[in-house]
Asker: 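I have a structure I would like to understand better, so I am pasting it below and will then ask my questions one at a time.
Read the numbers this way: they start at 1 and go in the same order the structure lists the ligands and their atoms. We count residues from 1, following the sequence as given.
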Amino acid sequence: MSRSNPFRPALAKMQPYVPGEQPQGGKFIKLNTNENPYPAPPAVTEAIKSAATAGLQRYPDPVASAFRRRAAEVLDLPGPEWILAGNGSDEILTILVRAMVGEGQRLRLPYPSYILYRTLADIQGAQWEQTAFSPDWQLPAAFGHSDDRLRLAFLPNPNSPSGTVIPPDQVLQFAQTLPCPLVVDEAYADFADTHCLDLVRQSDQVFVTRTLSKSYALAGLRFGFVVAQPHRIAELQKIKDSYNCDTLSIAAATAAIGSTEWLADNVAKIRATRGRMEQRLAELGFHVTPSQANFVWCQHPDKSHKLIYEHLKQSQILVRYMDFPDWGDGLRISVGTDDQADACLLMLSQVL
Ligand SMILES: *Cc1c(COP(=O)(O)O)cnc(C)c1O
């Protein structure tokens, strides 16, 4: 008896999303997935310990109220009902796509940018379309153009891999011309000069997502959130898992978001190292895109990026080699500690 493929046709057609390498063991200097090189705020460990001591036999607060209250204060939002918390901002992105993009519909993203949005569309049996950045990383007006089937647009801001920012007034213009909501993915906004949280008050078409993975040094914790007008948050809440954030992560995230001095200090260190890396990479002959994030995108005019990546890897230094079809390739190097950055730059000077 032959059995047919039990999975939805959309699944058979799609390519899986492949995250950056996460070597387990080994002594890599890891500059490939934009993690923070410093330990998380000390208050986080204390919060996890006391939550664990209090016991885990009860289900967690389904809507992470403690976190949302604290985050609303810190981010100067009108109240907790403007926030939905999730198991990493990747879960938040999944919730947004599931909530708004059905089979046969479309989402839009810039190119090159974060590939996961395409995977999320594929899972829905939806289509995606890309608007190419100009060579100097401006986003053409076409990103805001109408299209009958368009249900959602994504804008990582700062963008990855470029680290460049579209200024908030321009983001608002896109939101006003698009026929659908605009998700501004602010995974890296804490490292930038601007952000788009204020736009959420001006338009219920704007959704801003944040993560604790990068600027709060908590990639291993899995906590992210979205900021939108309360009637939008209420709709998103309908489709999230009942207990999508656990007791330990809610306690940890609440402590982290309240650690404002720690954040300012950490961001200052990362930005200082970023400046040094940009300068040295340019001296080594790279074309360096000025970054507003915790990584630097660089391209060498005549050396093979793939070979440079492989040489570095042999020396236990892991950076991200990225190749975008019809666009080009390059290296995305996360900002590490000063020592890590120096080791990487030294090795680069020897490889070139
Ligand atoms: C890292 C990253 C995320 C994922 O964040 P998590 O909270 O760890 O899931 C989302 N968007 C972009 C653009 C990122 O680079």
Asker: Give the C-alpha distance, both sets of side-chain angles, the deciding distance and a yes or no for side chain to side chain contact (heavy atoms under 4.5 Å, CB included) between L93 and T209.
Answerer: CA-CA 8 Å; L93 302 174; T209 64; 4.1 Å; yes
Asker: So which pairs with a foot in residues 185-221 pass ring pair (Phe, Tyr, Trp, His ring centres under 6.0 Å), sequence neighbours left out?
Answerer: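 Ring pair (Phe, Tyr, Trp, His ring centres under 6.0 Å) check on residues 185-221 returns Y188-F295.
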Asker: W128 ring centre to R118 NZ or CZ under 6.0 Å, with the angle to the axis within 45°?
Answerer: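 Output yes; distance and angle both within limits.
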Asker: Around ligand 1, what residues show up once you keep those with a heavy atom under 4.0 Å from it?
Answerer: G88, S89, D90, Y114, D185, A187, Y188, T211, S213, K214, R222
Asker: Check salt bridge (Lys or Arg N to Asp or Glu O under 4.0 Å) between K30 and all other residues, then give those that pass, not counting sequence neighbours.
Answerer: E35
Asker: Run the ring-centre check on H305 versus Y321 and record whether the distance is less than 6.0 Å.
Answerer: no
Asker: Filter on ring pair (Phe, Tyr, Trp, His ring centres under 6.0 Å), then keep only pairs touching residues 20-76, sequence neighbours left out; what's left?
Answerer: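 Only Y59-Y243, F67-F223, F67-F225 qualify under ring pair (Phe, Tyr, Trp, His ring centres under 6.0 Å).
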